[in-house]
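See below for the structure under consideration.
Lettering of chains follows the sequences in order, A, B, ..., and the numbering in each one begins at 1. Below, all heavy atoms of this structure are taken into account, side chains as well, without hydrogens, waters or symmetry copies.
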Amino acid sequence: VPDARAQFEDVYQQYALPVYRFCLTQLRDAALAEDLAADVFVSAYRAFDRAPAEEAGMRPWLFRIATNAVIDHRRRNRRWRQIMDGMLAAPREPAPDVEALAQLQAEAREALAVVASLSARDRTLIGLRVGADLTYPEIAVVMKMNVHAVEVATRRALERARAQAEAQ
Amino acid sequence: MSGRPTPFEDELRHHLASVTQVPRGMSRWREGTAVQRHSRPWITWGGPALVAAVAATVVVSTGSTLLHRRPTSPALATTPGPARAGAGVVAWGLTDANLETVETAMGHRAALVRTHGSWGAPVVNDRVRQLTSAGRGIVHSLGTSDAGGNPVYWADVAGGKWDRQLATALDEMDALTVPAFFVMSVEPDDVGLPGCRAPGGTDACGAEFVAAWRHAHDIGAARGLHHVQWVWTVSAYSFGVSRADAFYPGDAYVDWIGVDPFNLYDCRGVKGPTGGPWRSFKDSTAAPQAWLSTHAAGKPVMAVEWGSVPGAPGQRAQWITEAAQTIQTPEYSRWHAMLWRNGSQAAPRTGCGYRIDDDPSSLEAFAAVGRSGHFGGTG
């Protein structure tokens, strides 16, 4: 029987890239996405004894951790934003970490730019669907929604993304 | 619904699929279950780089069919002028010395880091790049010497000798997406009046400094740089002896007022204005506060450097806690940034030591403030 570490190594090998892509869609900053994705796996490894036994449950379980990490990250970021709004009369319209973004393919950067223009909820749905390649039933588990609602909401989010892309 | 992807969805997925490499830093879980909370500087806020990530639009012109994005102008603030005091929160930071130890204790990164460079040296060196890429803002000062240790005189600055280097430094800082504060000189009123050529003491020296400051500020303004915030400061002592006015360039040239309050206590071995009794933060800032009540109306205030010697065991921790309470009172509502001077161990000559990362009670007191909501923490 393989030990937990070996089992988790398999999980990591299988899901490292989808988790990283998901984090990218949420943060659009390669360095921050890497850090957050690393946190996701640290959390998942610690909680691995509570992971679903069956293979099918693994992805939703892992991405539930990832979405929670993103939510937590956003919450903390709001606090920083408040500080800066208080400190600076004309807060600089910030630009992405150009250096880190440059390491990504141009195609990915374009997609991330579109996703970044959406609401947090739309970003999450699209990130799970397109960045992490989850099925609608899997997203439903992660988001604690029913499958039909997830599908409707995700398609609408994608419509908004398309409109955003075309409008500019 | 079919569940089948739309063409746009497929296209988006295809674009994201170009990310094929897992960054090496992601495998940190392999360090084992022993990874403890706060075992490394956590990102508890992403800083402007992350705000950027969710808010900004960028021009990406690759000719892709996915997007035809209209170029947008560089997203610089268009309104020059002072920062405003507003949200009732205080950025909590320190000098760049054993920074990570303090951040680990806080559980998040410092909002601002105090950095220092010589005239003519690059501002954004590897270290500053490392600091800022993680979302920390910088409060950067130049001293009174160049990279070779030669003195830099205010008269030369005002005369244009350093224009090229100043322009480069300001451009570098302006390009940062994190907050960037520029302190042209910390305590130009210091003993010996470094930077001054003219004989004649405070007034003549102050005039030289003011001319240099205004000249430097004009360089930034001429280049359209409005991101960099200009922080003027003199020693806390000068505020109390009417010396500050001689060095003040005027409201139009200053965004923030900097103060350097220290509790020196016994460290200089002398009684008097720079040593003497154990002084609370409130006492240490009495003179600057009095000056602020009649000058620089509305401008925000930062402790460019501040600190206390250890005193008796636990005494400094208490001092820090009380300082944080003081800063939250209405009289200190203009104070919006605090940068602890995490200086070296007690210096042999003066006996003054402000370092807290190796003093558990002080470190915890400092970290506890940093974790509280008023100072940008989550608690």
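- Using a 4.5 Å cut-off between heavy atoms, A/Thr135 does not touch chain B at all.
- When side chains are defined from C-beta on, A/Thr154 counts as touching A/Tyr136, because their heavy atoms get closer than 4.5 Å.
- Within 6.0 Å of CZ in B/Arg127 there are more than 12 heavy atoms belonging to other residues, nucleotides or ligands.
- For A/Arg162 (side chain) and B/Phe8 (main-chain N/O), no donor-acceptor pair under 3.5 Å exists by modelled atom type.
- Chosen from A/Phe8, A/Phe48, A/Phe41, the residue pairing most often with chain B at heavy-atom distances under 4.5 Å is A/Phe8.
- The choice from B/Val22, B/Val19, B/Thr20 that makes the most heavy-atom pairs within less than 4.5 Å of chain A is B/Val19.
- Contact of A/Glu159 with chain B is not made at all, since no heavy-atom distance falls under 4.5 Å.
- You'll find the side chain of B/Val90 stays beyond 4.5 Å of the side chain of B/Trp335, heavy atoms only.
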